[in-house]
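Notes follow once the structure below has been shown.
Everything numeric in this text was worked out from a predicted model, so none of it was measured. Note that ligands are numbered from 1 as they come in the structure, with each ligand's atoms numbered from 1 the same way.
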Amino acid sequence: MSNFDFSDFTKTSIDSIGAKASPRVKEVMPILLRKLHEFLVEADVTHEEMMAAFDLLVKAGQVSDDKRNEILLIFDILGVESLVDALDQTRPARKGGKTTEASPSAILGPFYRYGVPEQPNGTTIIRQDEPDAPYTHLYGTIYDGDGKPLPNAVVDIWHDAPDGLYDAQTPEKPEYHCRGRFRTDENGRYDTVCLRPTPYPIPYDHQAGQLLTMMDRHPYRPAHIHYWIEADGHRTLVSQIFDRESDYLTDDAVFAVKDKLIVDFKPIPKDYVPPKGLEGKMKYELEQDFRLERV
Ligand code: MBD
Ligand code: FE
């Protein structure tokens, strides 16, 4: 075995792919096998290390459910979701087509929730009072592929509470706290009250945290607000915006920050009339537009 032929071994495993595999599988799996085997050989991985890695993945699977996706979190801190986002965003240009006119995208992360009920424009997503929190008037226009305002677009927004936690992490708080879904009006506008978000550590109590510790990395993300915007005839845009004054803009634990997504919160104008019950609480405003791309 001292003269084991590593590349011949990899070729054998690639050649084992059958004729009836789909074209995409035939394209992807040889690359995966080649790079995976190359990694094992170059790193000279031991059986013990391999078992530790599998154990970590098994445990990550066991703590995952519909509210907590530890596997996604692991691949987020390894840069996988951000890299795939960059591939998606640049694919048309790389394939010789024209560059997208859509606003920049950013990764989804583990805290999106399906089926959030729609609420009227001008209502807040802060569903329990957050004393002294930086209440923010967040509004803007969604544009279509021609740059014209787009009515009837669905805008999902979510961010962390002042304690740095998302709604799914705090079942004792009202459902959908700091999360809401809106529909743009006839002028393509959405309008809500949220909070200026807080930098926060991604959940590090399980395997993603174990990996961060192992690599001597911190778990923090800069303050951000998530968007998921969809409209008929347009490519769904998943994005995030980042507070220019936040820490961690240059060392986001999941590598999602893009310059064009960094925004400036402004003091709330004196003449702004807040939704009932929020009088005296408003501190900032942020006008945030997005442009979608036709499919
Ligand atoms: C988050 O809040 C997040 O937005 C991402 C992308 C990854 C982990 C936690
Ligand atoms: Fe997030």
Pair N121, R189 - check side chain to side chain donor-acceptor pair (under 3.5 Å), show working.
CA-CA 8 Å; N121 281 304; R189 311 240 320 163; over 6 Å; no
Steps toward ring-ring contact (aromatic ring centres under 6.0 Å, His included) verdict (F290, Y143):
CA-CA 6 Å; F290 288 96; Y143 294 99; over 10 Å; no
Can the positive tip of R196 be found less than 6.0 Å from the middle of the six-membered ring of Y284, inside 45° of the ring normal?
yes
Taking atom types as modelled and ignoring hydrogens, do the side chains of D289 and Y139 form a donor-acceptor contact shorter than 3.5 angstrom?
no
Applying side chain to side chain donor-acceptor pair (under 3.5 Å) to Y112 and Y166, what does each step give before you reach the verdict?
CA-CA 10 Å; Y112 179 68; Y166 283 88; over 6 Å; no
Answer whether the closest heavy-atom distance between the side chains of E27 and S22 falls below 4.5 Å.
no
Any protein N, O or S atom under 2.8 Å from the Fe ion (ligand 2)? Found Y166 OH, H224 NE2, H226 NE2
Between F9 and F4, is the ring centre distance below 6.0 Å?
yes
Beyond-backbone contact of D144 with R294, side-chain heavy atoms, under 4.5 angstrom
yes
Can you pull every nitrogen or oxygen pair between ligand 1 and the protein closer than 3.5 angstrom?
unit_1: ligand 1; atom_1: 2 (O); unit_2: Y166; atom_2: OH; d: 3.2
unit_1: ligand 1; atom_1: 2 (O); unit_2: Y200; atom_2: OH; d: 2.3
unit_1: ligand 1; atom_1: 4 (O); unit_2: R221; atom_2: NH1; d: 2.8
unit_1: ligand 1; atom_1: 4 (O); unit_2: H224; atom_2: NE2; d: 3.2
unit_1: ligand 1; atom_1: 4 (O); unit_2: H226; atom_2: NE2; d: 2.8

Does a side chain donor of either D243 or H224 reach within less than 3.5 Å of an acceptor in the other side chain?
no
